[in-house]
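Notes to accompany the following structure.
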Amino acid sequence: MNPPPKIFFVPQIKEADKFTIQHEPISSIGLMERAASACTKWITQHFSKQETFIIVCGNGNNGGDGLAVARQLHLSGYLVQVYLIETNGKYTDDFLANREQLEKINKAPVKQILSPTDLTIKTGDIVIDALFGTGLSKPVTGLAAAIITLINNSGTKIIAIDMPSGLFADKQ
């Protein structure tokens, strides 16, 4: 029997990432690629290529993770649809690098979410939640909150990268 997974606090996660980047020959984008590969490996072990993955990304590093997973799944022959909700108009460098890589290999554009009606989730789809990760520091409001509610009420399977969007890692 496997031991239960360890749950770390945000400062511990950030420290582990920093330690890895400093002590291994890997950049932050390389670390993101490694994490996306682990996520993609798990997905390919649990789901068939006949299923459609709806990947909903924010414009930070969690969204960058989602874009990397989308690219890897696409290259593995999975059906992916990628949606982006801009939360603050700022993009992280790793997000932009992953968006560029995805757009080079996937001719389907990343679809912008400007209202909840822009996100289409059908019965049987699998949603990958890559909106917000452990960096979330304030309550989610507005369009982002509406999208999280839509995802949570969709009745479909949901895979969250890092953690479900809208939750705080260090609060009870």
Side-chain angles (χ1 to χ4, degrees), residues 2 5 7 13 17 28-88 91-136 140 142-167 169:
N2 292 332
I7 299 175
I13 294 168
D17 285 350
S28 64
I29 190 80
L31 192 59
M32 186 177 280
E33 188 73 13
R34 184 187 290 176
S37 293
C39 185
T40 301
K41 180 180 177 184
W42 184 88
I43 290 169
T44 60
Q45 290 172 344
H46 291 87
F47 298 97
S48 75
K49 292 182 181 176
Q50 282 67 49
E51 297 172 283
T52 299
F53 290 85
I54 306 298
I55 304 173
V56 184
C57 301
N59 50 329
N61 281 343
N62 198 253
D65 290 334
L67 295 171
V69 169
R71 176 176 37 81
Q72 291 174 7
L73 286 173
H74 175 77
L75 290 172
S76 296
Y78 284 77
L79 302 169
V80 297
Q81 295 176 9
V82 182
Y83 291 85
L84 169 65
I85 180 171
E86 294 188 38
T87 56
N88 62 9
Y91 301 94
T92 64
D93 291 341
D94 291 348
F95 170 91
L96 292 171
N98 275 308
R99 184 171 182 173
E100 182 178 322
Q101 287 183 46
L102 176 63
E103 288 175 344
K104 282 182 184 175
I105 58 101
N106 184 2
K107 301 307 177 205
V110 173
K111 299 173 185 175
Q112 292 290 125
I113 299 174
L114 303 174
S115 78
T117 59
D118 293 334
L119 177 61
T120 304
I121 303 172
K122 296 184 294 290
T123 303
D125 288 344
I126 298 165
V127 176
I128 298 179
D129 170 2
L131 282 168
F132 301 105
T134 57
L136 185 65
V140 179
L143 180 59
I147 294 302
I148 291 169
T149 299
L150 179 70
I151 290 169
N152 291 341
N153 293 335
S154 68
T156 63
K157 293 179 182 172
I158 303 168
I159 300 168
I161 296 182
D162 285 351
M163 60 185 295
S165 289
L167 298 181

Check R71 against N98 and note the closest heavy-atom contact, atom names and distance.
-> NH2-OD1, 3.3 Å

Output for pair (C57 SG, I85 CD1), nearest 0.5 Å, gives 11.0 Å

Check: D118 and K111 side chains under 4.5 Å, non-hydrogen atoms = no

Between atom CG of N61 and atom CZ of F95, what is the distance when rounded to the nearest 0.5 Å?
-> 10.0 Å

Any sub-3.5 Å donor-acceptor pair from Y78's side-chain atoms to F47's backbone N or O?
-> yes

Test side-chain contact (heavy atoms from CB on, under 4.5 Å) applied to V69 and F53, step by step | CA-CA 10 Å; V69 169; F53 290 85; over 6 Å; no

Determine whether I113 and V56 make a side-chain contact, defined as any pair of heavy atoms from C-beta on separated by less than 4.5 Å.
-> yes

Gap between atom CD1 of I151 and atom CD1 of I54 - 0.5 Å precision | 10.0 Å

Could you tell me which non-hydrogen atom of L79 sits nearest to which non-hydrogen atom of Q50, and how far apart they are?
-> CD1-O, 4.4 Å

Scanning both residues in full, the closest heavy-atom pair of I161 with A130 reads CD1-CB, 4.0 Å

Backbone of I121 reached by a side-chain donor or acceptor of D125 within 3.5 Å | no

Indicate the atoms forming the closest heavy-atom contact of S28 with D94, along with that distance.
-> OG-OD2, 3.0 Å

Measure from the side-chain N and O atoms of E51 to the backbone N and O of S48, and report whether any donor-acceptor pair falls under 3.5 Å.
-> yes

From CG (N152) to CD1 (I147), nearest 0.5 Å = 11.0 Å

Does Q72 reach the side chain of E33, with side-chain heavy atoms less than 4.5 Å apart?
-> yes

Considering all heavy atoms of both residues, which atom of Y83 and which atom of T120 are nearest to each other, and what is their separation?
-> OH-N, 3.7 Å

Can you tell me how far NZ of K49 sits from CG of L73, rounded to the nearest 0.5 angstrom?
-> 10.5 Å

Is the backbone of F132 close enough, under 3.5 Å, to the side chain of D162 for a donor and an acceptor to pair up by distance?
-> no

Using atom types as modelled and distance alone, determine if a side-chain donor or acceptor of D129 lies under 3.5 Å from a backbone N or O of S165.
-> yes

Test item: T40 side-chain N/O and S37 main-chain N/O as donor-acceptor pair under 3.5 Å | no

Closest non-hydrogen atoms of A145 and V140, given as atom of the first, atom of the second and distance, are N-CG1, 3.3 Å

Which distance, rounded to the nearest 0.5 Å, do you find between the CD1 of I148 and the CG of L143?
-> 10.0 Å

